[in-house]
Amino acid sequence: MERSALPPEERILLTGATGQVGCELLETLGPLGELVAPTRAEMDLTSAASVREMVRAVRPRWIVNPGAYTAVDKAESEPELAYAINAEAVRVLGEEARTIGAGVIHFSTDYVFDGSASSPYSETDATGPVSVYGASKLAGETELAASGAGAIVFRTSWVYGARGKNFLLTILRLARERETVRVVADQHGAPTWSRDLAKMTAEVMAQCEGAARGHELAAVLGDLGGVYHAAGTGETTWYGFAMEAVRLQREKEVGGRFAEIDPITTAEYPTPAKRPANSRMNCARLKERFGWEMMDWRDSLRKVLAEL
Ligand SMILES: NC(=O)c1ccc[n+]([C@@H]2O[C@H](COP(=O)([O-])OP(=O)(O)OC[C@H]3O[C@@H](n4cnc5c(N)ncnc54)[C@H](OP(=O)(O)O)[C@@H]3O)[C@@H](O)[C@H]2O)c1
């Protein structure tokens, strides 16, 4: 599909620019058009008034929303806050986008599924979140669809990168501090590099802009919009991810001391929020519509470790 930047004078409103995905989007979306990336103090996603005010002031052509409540375990004890940010704010962004004809890019999660399927999840598979976080993210998807805005939702999984709070950085720290680290080996999925997700997002937006020449963006998104699964290619477990990370890090730091990584079951590592056993996602739709294949998680892991 043809690619294009935004028409001149048009803006992109980016939420959550301090987050893992948001900080990468700051880099990849810059070349497409003028970016406006308010801080939490400038636009608080828990306040509908603050969100409306910002959208109305910026009048963007696109709203890109990686901003979210992502504390999966904490969400079990503060569901109101999780829903305010993950569902209510998304509803308001959708309503405002619909009013001005802006396109919305939103991010969701593998945690909308219960994880009981025996194969990778497709976009059309039945959802059934088993945590407050997953339910709040699913509610966000539903609110966005109901708003009538032209929108694309990328459901991703196990996001990590060189910056932010993520599994990779935690494991590397623990592997240096401890003799052994126990890691869950019966949850299956694929790590997704935040930068790969951000690059894919820019590519999809550029293709939508290419298709929107001479057409309304909302009409183009009526055709190309909807939910897309966008997770790293390949599959592993949290244990497999940790083992590979430590193996590669050992190669990098010859003589370095790292903990043994021991596999355990989910039952041996109780957490407030339940996690799906199967988080694997079928990303064929993304490839069919936009020709984009997400990076193999082992390749992206090597690149991320090279940056540390
Ligand atoms: N991380 C994962 O493993 C994972 C997996 C699947 C899907 N996802 C989805 O992918 C998207 C991006 O995740 P991420 O890992 O980049 O998240 P993240 O690193 O936790 O970043 C979240 C962002 O949201 C902002 N935010 C939170 N509450 C806010 C509020 N009340 N007002 C304004 N901003 C607020 C944070 O700002 P502050 O810096 O001010 O806190 C931060 O910039 C999210 O939609 C998430 O649900 C993530």
Side-chain angles (χ1 to χ4, degrees), residues 12 14-32 35 37 39-40 64-73 86 105-111 133 137 153-176 181 183-184 187 189-205 228-253 258 261 275 279-281 283 286 292-308:
I12 300 167
L14 175 66
T15 74
T18 52
Q20 288 197 90
V21 177
C23 71
E24 297 291 346
L25 285 165
L26 267 181
E27 305 289 327
T28 63
L29 301 188
L32 284 183
L35 265 181
T39 61
R40 183 193 282 248
V64 181
N65 184 41
Y69 179 105
T70 56
V72 175
D73 287 316
N86 291 346
I105 302 279
H106 179 61
F107 295 87
S108 190
T109 169
D110 51 307
Y111 285 18
Y133 167 74
K137 293 294 293 183
V153 176
F154 294 124
R155 282 192 194 136
T156 189
S157 68
W158 300 16
V159 175
Y160 78 104
R163 288 178 283 183
K165 236 183 117 188
N166 62 59
F167 177 83
L168 173 70
L169 300 182
T170 304
I171 282 296
L172 291 180
R173 178 176 54 77
L174 293 178
R176 287 198 172 90
V181 181
V183 185
V184 170
Q187 289 169 25
T192 307
W193 186 14
S194 49
R195 186 171 305 160
D196 191 27
L197 204 52
K199 282 186 178 168
M200 179 278 291
T201 303
E203 172 65 24
V204 165
M205 287 171 66
Y228 291 85
H229 287 181
T233 298
E235 61 178 86
T236 186
T237 62
W238 291 112
Y239 168 72
F241 186 21
M243 286 291 282
E244 183 67 358
V246 170
R247 187 185 72 77
L248 291 172
Q249 198 62 19
R250 273 204 182 101
E251 279 180 14
K252 233 176 98 181
E253 285 179 44
F258 293 95
I261 309 292
R275 266 100 173 144
S279 279
R280 294 174 301 148
M281 304 181 100
C283 303
L286 184 66
W292 186 278
E293 213 167 338
M294 297 295 287
M295 274 177 84
D296 187 279
W297 72 269
R298 282 193 169 86
D299 295 338
S300 64
L301 177 57
R302 238 176 254 117
K303 288 198 184 302
V304 172
L305 290 177
E307 282 188 15
L308 295 180

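- Proximity of T109 to R155: side-chain heavy atoms (C-beta onward) are nowhere separated by under 4.5 Å.
- With 3.5 Å as the limit, one finds no donor-acceptor pair spanning the side chains of S157 and D110.
- Residues W297 and W193 place their aromatic rings such that the two centres sit no closer than 6.0 Å.
- Aromatic ring centroids of F167 and W158 lie 6.0 Å or more apart.
- In this structure, the side chain to side chain contact (heavy atoms under 4.5 Å, CB included) partners of R176, at least two apart in sequence or on a different chain, are L172, Q249, E253, F258.
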* Using the side-chain contact (heavy atoms from CB on, under 4.5 Å) rule, take M294 and L197 through it: C-alpha gap first, then chi angles, then the decisive distance, then the call. => CA-CA 8 Å; M294 297 295 287; L197 204 52; 3.8 Å; yes
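- Side-chain contact between P191 and T236 is present, with at least one heavy-atom pair separated by less than 4.5 Å.
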* **Derivation of the side-chain contact (heavy atoms from CB on, under 4.5 Å) call for M205 and I12** => CA-CA 11 Å; M205 287 171 66; I12 300 167; 4.0 Å; yes
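- We find that K303 and E307 are not joined by a salt bridge, their nearest charged nitrogen and carboxylate oxygen being 4.0 Å or further apart.
- The distance from atom OG1 of T233 to atom CG of D299, rounded to the nearest 0.5 Å, is 9.0 Å.
- Distance check: M295 CE to L301 CG gives 10.0 Å after rounding to the nearest 0.5 Å.
- Taking 4.5 Å as the limit, some side-chain heavy atom of V159 sits within range of a side-chain heavy atom of V21.
- For residues 19-28, the set of pairs meeting the salt bridge (Lys or Arg N to Asp or Glu O under 4.0 Å) definition, not counting sequence neighbours, comprises E24-R163, E24-R195.
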* Take E203 and W292 through the side-chain hydrogen bond (donor to acceptor under 3.5 Å, both in side chains) test and state the conclusion after the steps. => CA-CA 8 Å; E203 172 65 24; W292 186 278; over 6 Å; no
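- Looking at D196 and S300, their side chains never bring a donor and an acceptor atom within 3.5 Å of each other.
- When all heavy atoms of G234 and A190 are compared, the pair lying nearest together is O-CB, 3.3 Å.
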* To do: Go through the steps for D73 and R275 under the test salt bridge (Lys or Arg N to Asp or Glu O under 4.0 Å), then give the verdict.
  => CA-CA 10 Å; D73 287 316; R275 266 100 173 144; 2.7 Å; yes
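- Taking CZ of R302 as the reference point, atom CD of E251 lies at 8.0 Å (rounded to 0.5 Å).
- Counting all heavy atoms, side chain and backbone alike, A175 lies closest to V246 at CB-CG2, 4.1 Å.
- A231 approaches T156 most closely through the heavy-atom pair CA-OG1, 4.2 Å.
- Under the 4.5 Å side-chain criterion, counting only non-hydrogen atoms from C-beta, I105 is in contact with F154.
- The two residues G16 and P66 make their nearest non-hydrogen contact at O-CG, 4.3 Å.
- Counting heavy atoms from C-beta outward, V64 and T15 have side chains that stay 4.5 Å or more apart.
- Evaluation of the side chain to side chain contact (heavy atoms under 4.5 Å, CB included) rule for K165 yields no partner, not counting sequence neighbours.
- With a 4.5 Å cut-off on side-chain heavy atoms, L14 and L26 count as touching.
- Between F241 and Y160, the ring planes lie perpendicular to each other; the angle is over 60°, past the 30° to 60° tilted range.
- Contact detail for L169 and A162: the closest heavy-atom pair is CD1-O, 3.7 Å.
- The side chain to side chain donor-acceptor pair (under 3.5 Å) test applied to Y133 returns no partner, not counting sequence neighbours.
- At a threshold of 4.5 Å between non-hydrogen side-chain atoms, the residues T28 and L25 count as touching.
- With sequence neighbours left out, the side chain to side chain contact (heavy atoms under 4.5 Å, CB included) criterion links A68 to T70, N86, K137.
- In terms of the side chain to side chain contact (heavy atoms under 4.5 Å, CB included) criterion, residue partners of M243 (sequence neighbours excluded) are, by chain and number, Y239, I261.
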